[in-house]
Amino acid sequence: MGVESELLGVLNVKVISSGKRTIVLAHGFGVDQSVWQYILPYLVPHYKVIVFDMVFSGNVDPNHFDFDRYTSLSAYAADLIAILDELQVEKCFYVGHSVSGMVGCLASIERPELFETLILLCASPRYLNDESYHGGFERGQVDSLYCAMKSEYVAWVSGFAPLVVGVDEPSVVEEFRRTMMNMKPEIAVAVAKTIFESDMRSILCDVKTPCSIIQTSKDIVVPMAVPYHMQRSLGGKMNSVNILDAEGHLPQLTAQGLLLQALKQVLEGFEMELEPTAQNANI
């Protein structure tokens with residue numbers, strides 16, 4: 001069995017439906033592929049949908065997380081490309097949530113022919129502030145976050161989950177808390193450091209694939225200045241920003257209707273109607 005074939009099993013890759021066009025859904029930090037459960041029924045009647053777990057997800061055997069390799073987002077981009085190659089995907093629509101937005105950008109630079117469009121959902125190229133850029137976090141805040149994760153992971157998750165969800169929906173907070181708790185704390189800390197210490201601003205100009213940036217109007221992780229910074233910095237000619245009238249960092253779970261409308265806007269050139277299907281989309 002080749003490395004790419006093995007990767008499909010390791011990352012729990014699933015191909016749902018058999019449409020002519022392909023959509024890839026990539027989740028962010030602290031969740032797993034189940035975060036797309038409410039979106040899938042609207043996509044599978046029209047598309048071949050690919051979902052998978054990022055290697056840091058609690059659904060993946062932690063023995064497969066290489067602490068040296070995954071210090072760079074480029075390693076995650078290599079995994080994405082390997083999945084697409086193994087599945088013989090020639091071109092896809094890519095939806096990357098949070099950190100997976102930048103993973104998709106890196107993959108599109110390496111292999112632009114694979115991507116029709118990048119849909120960057122609540123994504124950011126840089127989370128730390130500097131003199132001329134508002135990423136949302138000061139250095140002291142991030143260092144305190146690392147310390148809290150290391151010393152009292154359970155307590156940290158309990159406080160972090162409602163802030164990220166951003167709305168008063170206890171069931172969603174509990175679901176996010178559950179997927180966070182599925183991660184091994186040492187992996188969660190390592191991934192958090194990779195994300196917060198990364199600075200992808202310099203690579204945005206090399207992203208020539210059309211990008212559609214979808215962002216909620218209030219997100220503790222991504223301030224409102226970030227999507228417009230990305231739009232100005234991306235190298236392609238067809239980049240848009242769509243601000244959802246919603247709060248929180250997980251609109252897949254808290255604002256599905258608005259998110260689906262935004263996705264339809266991006267894809268409307270292909271005369272797609274987002275209607276649910278009776279097909280079981282459990283993942």
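All residue numbers refer to positions in the sequence shown, counting from 1. This structure is a prediction, so every number in the text was calculated from the model and none was measured. Just so you know, these numbers use all the heavy atoms, side chains as well, and skip hydrogens, waters and symmetry mates.
- No hydrogens or angles considered: a donor-acceptor pair under 3.5 Å links the side chains of Q265 and N242.
- Using the six-membered ring where Trp is involved, F52 and H27 have ring planes that are tilted, between 30° and 60° apart.
- Between M54 atom CE and D32 atom CG the span is 12.0 Å, to the nearest 0.5 Å.
- Of the inter-residue distances, the one linking I119 atom CD1 with S212 atom OG reads 5.5 Å to the nearest 0.5 angstrom.
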Output, in order, the C-alpha distance, side-chain angles, deciding distance and verdict of salt bridge (charged side-chain N to carboxylate O under 4.0 Å, His left out) for R126 and E197.
CA-CA 8 Å; R126 175 68 166 170; E197 302 302 325; 5.4 Å; no

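- Heavy atoms from other residues, nucleotides or ligands lying under 6.0 Å from OH of Y133 number more than 12.
- No donor-acceptor pair closer than 3.5 Å links the side chain of E110 to the backbone N or O of A107.
- Linking Ile, Leu, Val, Met, Phe, Trp and Tyr whenever their side-chain heavy atoms come within less than 4.5 Å puts Y146 and W156 in one cluster.
- Salt bridge R201/D130: present, at least one basic N to carboxylate O contact under 4.0 Å.
- Formation of a donor-acceptor pair under 3.5 Å by the S217 side chain with backbone atoms of A246 is found in this model.
- Hydrophobic clustering (side-chain heavy atoms under 4.5 Å, transitive across Ile, Leu, Val, Met, Phe, Trp, Tyr) keeps Y94 apart from M238.
- With hydrogens and angles left out, the side-chain atoms of Q33 and D53 include a donor and acceptor closer than 3.5 Å.
- Although no hydrogens or angles enter the test, the distance criterion places no donor-acceptor pair under 3.5 Å between the side chain of T209 and the main chain of S108.
- Looking only at distances, a side-chain donor or acceptor of K208 sits under 3.5 Å from a matching main-chain atom of C205.
- A salt bridge is absent between K218 and D245; no separation between the charged side-chain nitrogens and carboxylate oxygens falls under 4.0 Å.
- By the criterion of side-chain heavy atoms lying less than 4.5 angstrom apart, applied directly or through intervening Ile, Leu, Val, Met, Phe, Trp or Tyr residues, I243 is grouped together with L250 in one hydrophobic cluster.
- H249 and H97 have tilted rings, their planes meeting at an angle from 30° to 60° on a 0 to 90° scale.
- Within the model, atoms CG of L260 and CG of L43 stand 7.0 Å from one another, a figure rounded to the nearest 0.5 Å.
- Applying the 6.0 Å contact sphere to CG of D66 captures more than 12 heavy atoms from other residues, nucleotides or ligands.
- Seen from the ring of F93, R21 does not count as a face-on cation partner, given the 6.0 Å and 45° thresholds.
- When ring centroids are compared, F56 and Y70 stay outside the 6.0 Å threshold.
- The distance from the OG atom of S34 to the CG atom of N59 is 7.0 Å, given to the nearest 0.5 Å.
- D79 CG to Y76 OH: the interatomic distance, rounded to the nearest 0.5 Å, is 8.5 Å.
- Within the 3.5 Å criterion, the main-chain N or O of H64 finds no donor-acceptor partner in the side chain of D61.
- A donor-acceptor contact shorter than 3.5 Å is absent between the side chain of T117 and the backbone of P210.
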Verdict with reasoning, D219 to E247, per side-chain contact (heavy atoms from CB on, under 4.5 Å):
CA-CA 6 Å; D219 181 350; E247 298 184 8; over 6 Å; no

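- Between the K91 side chain and the E113 main chain, a donor and an acceptor come within less than 3.5 Å of each other.
- Aromatic pair H229/H134: centroids not less than 6.0 angstrom apart.
- Nearest heavy-atom pair, F67 versus E186, reported as atom, atom and distance to 0.1 Å: CE2-O, 3.6 Å.
- The distance from the OG atom of S57 to the CG atom of L11 is 9.0 Å, given to the nearest 0.5 Å.
- By the neighbour-count criterion of 12 heavy atoms within 6.0 Å, atom CD of E174 is densely surrounded, having more than that number from other residues, nucleotides or ligands.
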